[in-house]
Amino acid sequence: MMNRRQALSLSAVGLLAACESANARGQGTPTPSLHELAQRKGMRFGSAVGAGQPGTVTASLDDPRYREILARECGMLVHENELKWYVLRPDVNTYDYVRADRVMDFAAQHGMGVRGHTLVWHHPRWFPEWLETHDYGARPAAEAERLVVEHINAIVDRYGDRIDSWDVVNETVDENTGALRETALSRHLGHQEIIDLSFHTARAAAPNAQLVYNDYMSWEAGHEQHQAGVLRLLEGMKARGVPIDALGIQSHIGSGNSDDSVGFDTAREGNWRRFMDEVTGMGLDIVISEFDVHDKNLPADIPSRDQAVAELARRYLDLMLSYPQTKDVLAWGMVDSYSWLQTHWVRPDGIAKRPTPYDAAYQPKPLRQAIADAFIAAPAR
Ligand code: XIL
């Protein structure tokens with residue numbers, strides 16, 4: 001006969017086994033969370049979240065199941081679009097903080113940190129139309145400077161006490177040539193000057209925050225010019241005494257993010273290590289700021305697609321986390337159905353992509369396990 005205690009402990013074992021196999025089948029949110037695993041090694045884990053047009057791929061914050069995953073897995077958040085000029089500042093006189101505030105409020109409710117993305121997305125494609133056509137008047141350099149300084153001060157004044165890391169400038173290096181991109185601001189102010197001004201202004205407004213240059217140079221073949229251009233930019237900034245603390249490596253890995261990309265996993269690891277050595281050798285920290293694994297060119301079969309995505313992620317994260325300068329890891333979305341990659345560079349077969357840690361049914365995928373395993377294997381910092 002089994003006594004009551006034995007029966008209880010047996011049922012506890014049964015429950016545990018049921019939970020474990022539920023996790024193995026992908027039910028529920030596994031424990032420990034990704035942020036807990038990161039914290040054990042002196043890092044943080046978080047994700048992008050969107051408060052965009054309701055019912056679209058950019059409105060993940062509206063979804064209670066998405067919010068639940070964020071609350072359980074993440075120690076920090078980043079606005080997917082809500083801090084960008086074209087969302088926050090529809091014209092020269094209007095600052096519309098409603099969407100950005102929603103993300104800040106959710107982070108505050110859950111005690112999460114927030115990264116600020118981004119003060120100046122210096123890329124013509126993402127530049128607000130009005131900033132190109134604005135009347136810069138008789139002293140265009142002074143007017144361009146006024147606009148940038150006013151913008152940075154306004155955003156940092158509003159959120160600076162809750163944001164401890166800013167993508168001050170995003171994507172200003174042309175991936176094909178390595179040269180600095182041109183916009184109305186840089187035409188009036190100078191290409192380097194607009195970058196330097198942004199960092200100096202951010203430092204004055206946020207003396208204790210981490211100031212980051214963020215870009216998408218990556219380890220794939222074809223990124224050599226981009227890497228070289230970013231290194232030149234960083235070296236120049238350091239030489240001029242511009243206040244920069246870290247390089248944000250977006251880390252959209254996998255199939256290259258372009259219409260003509262045909263490959264998956266064209267990683268050049270040796271070359272990438274040299275790039276990482278150069279960046280960290282300048283005394284800069286690293287932020288993995290927008291991690292996802294693009295499966296555009298993988299075969300449709302789901303188990304093998306998920307496996308390939310997870311394996312590539314693990315290899316990448318092992319390399320990146322081997323640098324103690326890498327402290328924050330942010331996924332660019334936690335659930336496949338809200339990934340920006342669903343609407344950018346669609347697959348030739350038109351089926352849904354699987355670039356994030358959770359599938360469209362909110363179940364953890366092998367990619368989630370790969371991230372967990374990378375944190376577990378990472379040296380402490
Ligand atoms: C993307 C968003 O995810 C999309 O919703 C939007 O349409 C375009 O921007 N690099 C960045 C991010 O720095 O801001 C981009 O986010 C993805 C690439």
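Ligands are counted one by one from 1 in listed order, and the atoms in each one are counted from 1 as well. Since this is a predicted model, take the numbers as computed values, not measurements.
- In this structure, Val57 shares a hydrophobic cluster with no other residue, the cluster being traced through Ile, Leu, Val, Met, Phe, Trp and Tyr side chains under 4.5 angstrom apart.
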Let me have the donor-acceptor pairs involving side chains of residues 226-237, under 3.5 Å, with sequence neighbours excluded, atom names and distances please.
residue: His226; atom: NE2; partner: Val173; partner atom: O; Å: 3.4
residue: His226; atom: NE2; partner: Asp215; partner atom: OD1; Å: 3.0
residue: His226; atom: NE2; partner: Asp215; partner atom: OD2; Å: 3.3
residue: Gln227; atom: OE1; partner: Asn271; partner atom: ND2; Å: 3.2
residue: Gln227; atom: NE2; partner: Ser218; partner atom: O; Å: 3.0
residue: Arg232; atom: NH2; partner: Gly178; partner atom: O; Å: 3.4

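- Think of Leu341 as one node in a network of Ile, Leu, Val, Met, Phe, Trp and Tyr side chains linked at under 4.5 Å; its network also takes in Met76, Val78, Val212, Val287, Leu330, Trp332, Trp340, Trp345.
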Could you go through ligand 1 and note, for every N or O atom, any protein N or O atom closer than 3.5 angstrom, writing the atom names and distance to 0.1 Å, or 'none'?
residue: ligand 1; atom: 3 (O); partner: Glu80; partner atom: OE2; Å: 2.5
residue: ligand 1; atom: 3 (O); partner: Trp332; partner atom: NE1; Å: 3.0
residue: ligand 1; atom: 5 (O); partner: Glu80; partner atom: OE2; Å: 3.3
residue: ligand 1; atom: 5 (O); partner: Asn81; partner atom: ND2; Å: 3.0
residue: ligand 1; atom: 9 (O); partner: Lys84; partner atom: NZ; Å: 3.2
residue: ligand 1; atom: 10 (N); partner: Glu171; partner atom: OE2; Å: 3.1
residue: ligand 1; atom: 10 (N); partner: Gln250; partner atom: OE1; Å: 3.2
residue: ligand 1; atom: 10 (N); partner: Glu290; partner atom: OE1; Å: 3.0
residue: ligand 1; atom: 13 (O); partner: His117; partner atom: NE2; Å: 3.3
residue: ligand 1; atom: 13 (O); partner: Asn170; partner atom: ND2; Å: 2.9
residue: ligand 1; atom: 13 (O); partner: Gln250; partner atom: NE2; Å: 3.3
residue: ligand 1; atom: 13 (O); partner: Glu290; partner atom: OE1; Å: 3.4
residue: ligand 1; atom: 13 (O); partner: Glu290; partner atom: OE2; Å: 2.9
residue: ligand 1; atom: 14 (O); partner: Lys84; partner atom: NZ; Å: 2.7
residue: ligand 1; atom: 14 (O); partner: His117; partner atom: NE2; Å: 2.7
residue: ligand 1; atom: 16 (O); partner: Lys84; partner atom: NZ; Å: 3.3
residue: ligand 1; atom: 16 (O); partner: Trp332; partner atom: NE1; Å: 3.4

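- In plain terms, the two heavy atoms of Asp301 and Ser304 that are nearest each other are OD2-OG, 2.6 Å.
- Seen from the ring of Tyr97, Arg158 counts as a face-on cation partner, given the 6.0 Å and 45° thresholds.
- Between His110 and Phe106, the distance from one ring center to the other falls under 6.0 angstrom.
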